[in-house]
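Written out below as structure tokens is the structure these notes cover.
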Amino acid sequence: MRDDRISISLAADHRYLQGLLATMSSMILSASRKELLLFHVFADGLSQEDCEQVETVARRMGVSSGQIEFHHPDMSRIKALFTPYNGSYAAFLRLFLCEFLSEDWTLYTDVDTLWFRDVCSLWKERDNAVSVLWCKDLPSIARGVKEYSREYCPDLDVNRYACSGVMLMNLARMRTNDFVSQCARFAERWGTPLFVDQDILNVICLKDAKLLDQVWDCLSPTRAAIDGCVLHFNGIGRMFNGPMKGWRVLYYAWYRYYYDIVEGNPCRSVCPWFKRVFFWMAGSLYPSKPLMRILFSRLGDQAPDNFERYFFFAWLFRRAKWWRKWSVST
């Protein structure tokens, strides 16, 4: 690979094809220099027809077929070490990227993300002093992991527990540190943890990671997102290839993007008008963390985080100019 290429790694099976198309297209459209992008698609269960559709959408967004490489990895070792997550082993592929790819660096991103910030800018954040660069996960998630991981990681810092959904990965350093063998030893002793590969990465990279600005994996409210961010649609994978359900404003945003941009067939009916009105009203104020704690803490540890996110994304979609740009009918 040429040194100036931006290596991007994604993994999907047929069930996650819609997510793959949405994530890849948003990365292309938001890139200041799309000719530098090189996509590594780990196709664990994608058909030939699926791969052709990926190439077709990518070309329509402005990249050539030569900028997409499909990989069909041998999953036998992964299946021997781990138990599946949501019926799939694809999540564990990122633990093996330093073996699957010969490059020094790659950017891994889940296919339940949409990119409204320039990936070329993130690529400049690489730091050879660490193995991974990523963003903090939700505080309630970090506190929960702290409780059940005391035996195998008593030093886990809840203020640095990170989400593996978007990561700059220093593959050269990982190879030097024998990273894959460390993952295998963890799995052989402790099995597959609750947050699967993410927990393993946080344990092994406990003192070998750097936090990025939260805009690069926008799980928690940050006013900087108004200038562009990477949206992470936790849980939406269960809804791919089906209708939008529920009252999550974040999911509405994903469906609008998918139909407007990927399908090229704008469809406001994915969400009834009364829900859209409610989302607009909910976005009238920026959420207050103390207020969320007061109002929702009795509903459980995760409830304040979830409601804070809900009102934040409603606020964001009401005000973000970049969102209005992408949601214009095409």
Side-chain angles (χ1 to χ4, degrees), residues 15-19 21-23 25-26 29-30 86 110-117 138 140-141 165 215 217-330:
R15 185 163 63 95
Y16 283 83
L17 176 62
Q18 286 185 318
L21 296 174
T23 296
S25 65
S26 68
L29 292 176
S30 296
N86 288 338
D110 281 344
V111 295
D112 58 355
T113 60
L114 287 180
W115 289 66
F116 299 104
R117 200 173 184 98
L138 295 174
S140 57
I141 296 295
V215 295
D217 191 358
C218 197
L219 294 163
S220 299
T222 169
R223 288 185 180 274
I226 202 76
D227 296 320
C229 65
V230 178
L231 296 176
H232 198 155
F233 298 77
N234 311 61
I236 199 171
R238 295 187 295 270
M239 299 170 62
F240 290 159
N241 303 302
M244 178 192 164
K245 299 178 181 178
W247 287 77
R248 296 197 188 187
V249 61
L250 196 57
Y251 287 6
Y252 166 59
W254 186 89
Y255 275 85
R256 280 294 308 276
Y257 178 88
Y258 182 79
Y259 282 102
D260 283 19
I261 306 301
V262 179
E263 292 284 342
N265 183 27
C267 181
R268 285 179 176 262
S269 63
V270 297
C271 182
W273 68 268
F274 55 88
K275 287 187 181 181
R276 298 199 301 270
V277 170
F278 182 82
F279 296 155
W280 182 260
M281 293 173 62
S284 60
L285 296 173
Y286 191 84
S288 164
K289 184 179 290 290
L291 181 60
M292 296 298 108
R293 296 292 164 194
I294 293 172
L295 293 177
F296 302 112
S297 59
R298 292 186 179 182
L299 300 178
D301 187 48
Q302 293 187 24
D305 281 348
N306 292 336
F307 280 100
E308 186 183 15
R309 279 165 48 83
Y310 186 97
F311 287 103
F312 164 69
F313 288 121
W315 173 88
L316 184 65
F317 297 135
R318 180 165 174 169
R319 288 165 174 78
K321 293 181 180 179
W322 50 262
W323 174 249
R324 292 199 294 272
K325 173 184 175 183
W326 296 118
S327 62
V328 170
S329 298
T330 56

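A heavy-atom distance below 4.5 Å is not found between the side chains of W254 and M239. Counting heavy atoms from C-beta outward, R293 and D305 have side chains that approach closer than 4.5 Å. The shortest distance between side-chain heavy atoms of F317 and L250 falls below 4.5 Å. With contacts defined as side-chain heavy-atom distances shorter than 4.5 Å, the pair C229/L316 qualifies. With contacts defined as side-chain heavy-atom distances shorter than 4.5 Å, the pair P243/V270 does not qualify. Side-chain contact between W315 and L285 is absent, with no heavy-atom pair separated by less than 4.5 Å. Side-chain contact between F307 and L295: absent, with no pair of heavy atoms (C-beta onward) separated by less than 4.5 Å. Side-chain contact check for Y286 versus P221: some heavy-atom pair is nearer than 4.5 Å.
Considering every non-hydrogen atom in both Y310 and A282, the closest pair reads CE2-CB, 4.2 Å. Contact record, D260 with C267: OD1-N, 3.8 Å, taken as the closest heavy-atom pair. Here the closest non-hydrogen pair linking R309 and L219 is NH1-O, 2.6 Å. Closest of all the heavy-atom pairs between A303 and L299 is CB-CB, 3.6 Å. The two atoms that bring F240 and R15 nearest to each other are CB-O, 3.6 Å, heavy atoms only. Of all the heavy atoms in G228 and V215, the pair that sits closest is O-CB, 3.9 Å.
Of the possible donor and acceptor atoms, one in the side chain of R319 sits under 3.5 Å from a partner among the backbone N and O of G283.
Around atom CZ of F296, more than 12 heavy atoms belonging to other residues, nucleotides or ligands sit under 6.0 Å away.
Within the model, atoms NZ of K245 and CD1 of I236 stand 12.5 Å from one another, a figure rounded to the nearest 0.5 Å. To the nearest 0.5 Å, atoms CD (Q18) and OH (Y258) are separated by 4.0 Å.
In this pair, F116 and W322 present their aromatic rings parallel. The plane angle is below 30°, not in the 30 to 60° band.
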